[in-house]
Undergrad: 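Sharing a structure, written as structure tokens. Questions coming.
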Amino acid sequence: MSIFRYCFESRTDFSTPVRDHSFMLRSFPLVDARQTLLDSRLRISPQPDSLSSGHDCWGARIDYGFQGEAHSSFSYVSEGTVKVIPYPIADKSPSTLFLMESRMTVFAAEMASLIPEMRGTSYEKALEISSRVKSAMSYVKNVTSAETTAARAFSLRQGVCQDYAHIMISVCRESGIPARYVCGMIPGEGETHAWVEIWSDGAWHGLDPTAGKICDDRYIAIAKGRDAGDCPVVRGIFKGCAVQSTRTISSVEQSEQ
Amino acid sequence: MQTLIESRDSVNRWLERYGVRFGVYKNGVFNEQFFPFDSIPRVIPKKDWDVLEKGLIQRVKALNAFLWDIYHEKSIIKDGIVPEEFVYSSKGYMPECEGIDPIGKVYSHISGIDLVEGKDGNWFILEDNLRIPSGASYPMIAREITRKVSPTTFIDNSIADNRDYPEILKDMMDTMNAGRGINVILTPGRYNSAFFEHSYLAEKTGAVLAFPGDMTVEDDIVWYTGLYKEKVRVGAIYRRVSDEYLDPLAFEASSLLGVPNLFQAYKKGNVAVINCFGNGVADDKGIYYFVPKMVKYYLGEEPILHNAPTYLPYYKEDYDYILANIGKLVIKDVSEAGGYGVVFGRDLTPEKLEELKSLIVEQPRRWIAQEVIDFKDLEIIDGEEKVWRKADLRAFVVSGGSGANGGVRVWKSGLTRFSRNPASFVVNSSQGGGFKDTWIMNE
């Protein structure tokens, strides 16, 4: 078990003021069998006209609201303390949904080379898939975007953690292994990270194809879903003609063991 | 009656003046088409209608029960009636809707059920439309005009009055309305294929016609601001925008047609969304096969109306049958809508048939096959002569109203569409063709 202090900051600047700004944030560590939130705070600036909270259908906390008045920046800070225990997460029967192709994880014939022919448990196969994804891909920023699909990223053989996770999910599902996408934080990363949970023998296990390793208790999940499309950390829509630039920083520090 | 038939051209001129059109996007170009009216009505005798009415109410009740079940207990899956992969692989299934309780447990408030009448007089269900079935405005306005052009026709014949559709809709919207807000009809805008219908229904039901950007959500309540920037609470939204574009923060982020955070307000029960989110799972072409089973399962009744004989390649027996008989079947791609993705085996060359077979072998879940129904032709006027054309009927079933039958009513009218091309069996307005008035007889 580990306890972490986390701080997630995001600031968006608009080139000209915008108004009627609706937003939705996913900025809290997910509360589940693996994670307990000890304390948490969210501050949004400027103070929105309305702010509500709830959970998405995968259990992640959502905070959403509306800012009517013209404003030229939008920023928020989410911080607190979270207790994390190691994987696995017990689950007797995973939803069949995690075996189905999702929009961003459609399997491409080209990815067949990543399917392991070996015998073994789903966990062992998933480990093999994870390492094949890592060796097939090169970590390169700014060649893919948030909208890039698994098939596209694989054809480029380049991408970031989101792309690695999508490719691994696609290959796992094609191999009959339930898999889901996780968006979260790890110490020392400085921005959000993405990894994969696969289901084997009655439990979900965390695997990180980008780092080529098994997730330990330093992986703090924020949101989960079929693919990255289910886990945006911030979304907004506003009226105005402005160029926006967003800067996001996350810091995670271990506070005690 | 003769005056009515002779009045075809003047009715069509009136329709044109009213702007009764529909738009079609083809190869990225928007074209508006006139939807031609044929003045020979389809006549449905009372005894036939009585059966149709009971059968449609039964079917829609079962479909609503199915939607509730799929997004809650899923007992129909657990009991092995519907295989789970049909549900989870359906494009219309939305995990976001899990556990949400829509007002009155009604999902499909306005259902458009497409039927055909066989040569033997039996009716078959072709398709259920539970998302945004359009087309009610055409028979409404055509009747309005024909009553003016030939008033005696409606005095001499005992035809059910169909001018009550706005009342039926309004009663349903009022019954579903949350927090005594206003009723709105949300249109994607001027360039939507059914914009005429949106504005016409708003006018007739007294609902506000809202455009994208007219509504905001604050504290899980939907507000209409519109032109005057005066905030009014919205209680019911008859939306004509599809699920994925309806809330850019919950679904398709690039959508400019939706209302941000509408999904959260809906989830809290603070607004009725008509029809609900997630209905696509029940009108999927693959799920269609299971609707008669739903009627038995949820209502404990024998289905009154029958599906066209349908085969699912998912089942071994059906798979073998389809591959052996593909030449005489109609094959439908479950992921396509609007008359697209429908192929008749008899129209294909042997090579194309083999190609189709291999597609079915590859992805059995993607296809369904049906026997070709020899459906009854209806007479239409083509120039100076009468000719026969294939026709179907879209019946409108409204659920969630205040009346008897659990608030489910079938509108005593419907949209009869016919194909323009004499050889075509596909009757869909986006594929050409026209429409007729549908007379439900009172005696």
Side-chain angles (χ1 to χ4, degrees), chain A residues 19-26 48-69 93-104 106-107 109 145-147 173 176 178 180-181 224-240, chain B residues 70-71 74 77-78 83-91 93-100 212-223 225 229 231 244-245 247-268 270 277-278 281 335 362-363 365-366:
Chain A
R19 60 189 173 81
D20 291 355
H21 182 173
S22 297
F23 59 86
M24 178 179 283
L25 315 176
R26 285 177 177 79
D49 298 341
S50 72
L51 182 64
S52 314
S53 68
H55 293 88
D56 70 14
C57 64
W58 321 99
R61 160 86 178 240
I62 50 175
D63 291 271
Y64 53 97
F66 180 76
Q67 174 66 290
E69 293 291 307
S93 56
S95 168
T96 307
L97 206 53
F98 296 118
L99 273 174
M100 300 287 166
E101 274 182 350
S102 59
R103 196 171 55 86
M104 303 181 86
V106 175
F107 185 78
S145 75
E147 300 303 314
R173 290 179 185 164
R180 64 191 181 195
Y181 184 93
K224 296 180 187 178
R226 291 163 294 184
D227 56 40
D230 289 331
C231 313
V233 292
V234 56
R235 260 191 188 179
I237 187 159
F238 50 79
K239 288 182 186 158
Chain B
I70 285 307
Y71 291 121
K74 302 180 181 51
I77 296 177
K78 290 174 193 155
E84 62 175 356
E85 50 266 57
F86 277 80
V87 172
Y88 293 123
S89 66
S90 161
K91 279 188 182 162
Y93 168 74
M94 295 174 75
E96 295 87 349
C97 294
E98 286 289 341
I100 295 177
D214 284 347
M215 288 185 276
T216 52
V217 175
E218 286 187 67
D219 299 315
D220 295 320
I221 307 273
V222 184
W223 302 95
T225 44
K229 301 293 167 208
K231 280 176 31 177
E244 59 273 37
Y245 297 110
D247 179 350
L249 297 183
F251 309 107
E252 181 53 51
S254 64
S255 172
L256 298 175
L257 304 178
V259 182
N261 288 326
L262 171 62
F263 188 69
Q264 309 306 326
Y266 163 72
K267 203 160 133 182
K268 295 266 162 75
N270 290 339
F277 287 93
V281 66
S335 56
E362 242 170 67
Q363 281 182 293
R365 167 67 183 89
R366 193 175 146 196

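What you see below is based on every heavy atom in this structure, not just the backbone, and it leaves out hydrogens, waters and symmetry mates. In the text below, chain A, chain B and the rest are named by the order of the sequence lines, each starting its count at 1.
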Undergrad: What are the two closest heavy atoms between B/P95 and A/C57, and how far apart are they?
TA: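 Residues B/P95 and A/C57, closest heavy atoms: O-CB, 3.5 Å.
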Undergrad: Can you tell me how far apart CZ (B/F251) and CG (A/D230) are? Round to the nearest 0.5 Å.
TA: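 The distance works out to 10.0 Å.
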Undergrad: Kindly compute the distance separating OG (B/S89) from CG (A/L97), expressed to the nearest 0.5 Å.
TA: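 One gets 10.0 Å once the value is rounded to the nearest 0.5 Å.
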Undergrad: Of the backbone (N, CA, C, O) and the side chain (C-beta and beyond), which part of A/L99 lies under 4.5 Å from a heavy atom of chain B, both, or neither?
TA: neither
Undergrad: Pick one of side chain, backbone, both or neither for B/K91, based on which atoms fall under 4.5 Å of a heavy atom in chain A.
TA: neither
Undergrad: Please flag which part of A/S52 lies under 4.5 Å from any non-hydrogen atom of chain B: side chain, backbone, both or neither.
TA: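 For A/S52, side-chain heavy atoms alone lie under 4.5 Å from chain B.
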Undergrad: Which distance, rounded to the nearest 0.5 Å, do you find between the OH of B/Y88 and the CZ of A/F98?
TA: 10.0 Å
Undergrad: By the definition side chain to side chain contact (heavy atoms under 4.5 Å, CB included), identify the one residue from B/D219, B/V217, B/T216 that meets it with A/F66.
TA: B/T216
Undergrad: Please find the pair of heavy atoms, one from A/M24 and one from B/L249, that lie closest to each other, and give the distance.
TA: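 Here A/M24 and B/L249 meet closest at SD-O, 3.8 Å.
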Undergrad: Between atom OG of B/S254 and atom CD of A/E147, what is the distance when rounded to the nearest 0.5 Å?
TA: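 Interatomic distance, B/S254 OG to A/E147 CD, rounded to 0.5 Å: 7.5 Å.
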Undergrad: Out of curiosity, A/I237 CD1 to B/L256 CG, how far, rounded to the nearest 0.5 Å?
TA: 5.5 Å
Undergrad: Which atoms of B/E218 are under 4.5 Å from chain A, going by heavy atoms: the side chain, the backbone, both sets, or neither?
TA: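 Both backbone and side chain.
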Undergrad: Ion pair present between B/E252 and A/R235, side-chain N to carboxylate O less than 4.0 angstrom?
TA: no
Undergrad: What distance do B/N261 atom CG and A/F23 atom CZ have between them, rounded to the nearest 0.5 Å?
TA: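 Going from the CG atom of B/N261 to the CZ atom of A/F23 covers 8.5 Å.
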Undergrad: Given a strict heavy-atom distance threshold of 4.5 Å, which part of B/V87 is in contact with chain A: side chain, backbone, both, or neither?
TA: neither
Undergrad: Does any non-hydrogen side-chain atom of A/Y64 lie less than 4.5 Å from one of B/D220?
TA: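 Yes, at least one pair of side-chain atoms sits under 4.5 Å.
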Undergrad: Give the minimum heavy-atom separation between A/D56 and B/K267, together with the two atoms involved.
TA: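 Looking at all heavy atoms of both residues, the closest pair is CA-NZ, 4.3 Å.
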Undergrad: With a 4.5 angstrom heavy-atom cut-off, could you sort out which part of A/H21 is near chain B: side chain, backbone, both or neither?
TA: neither
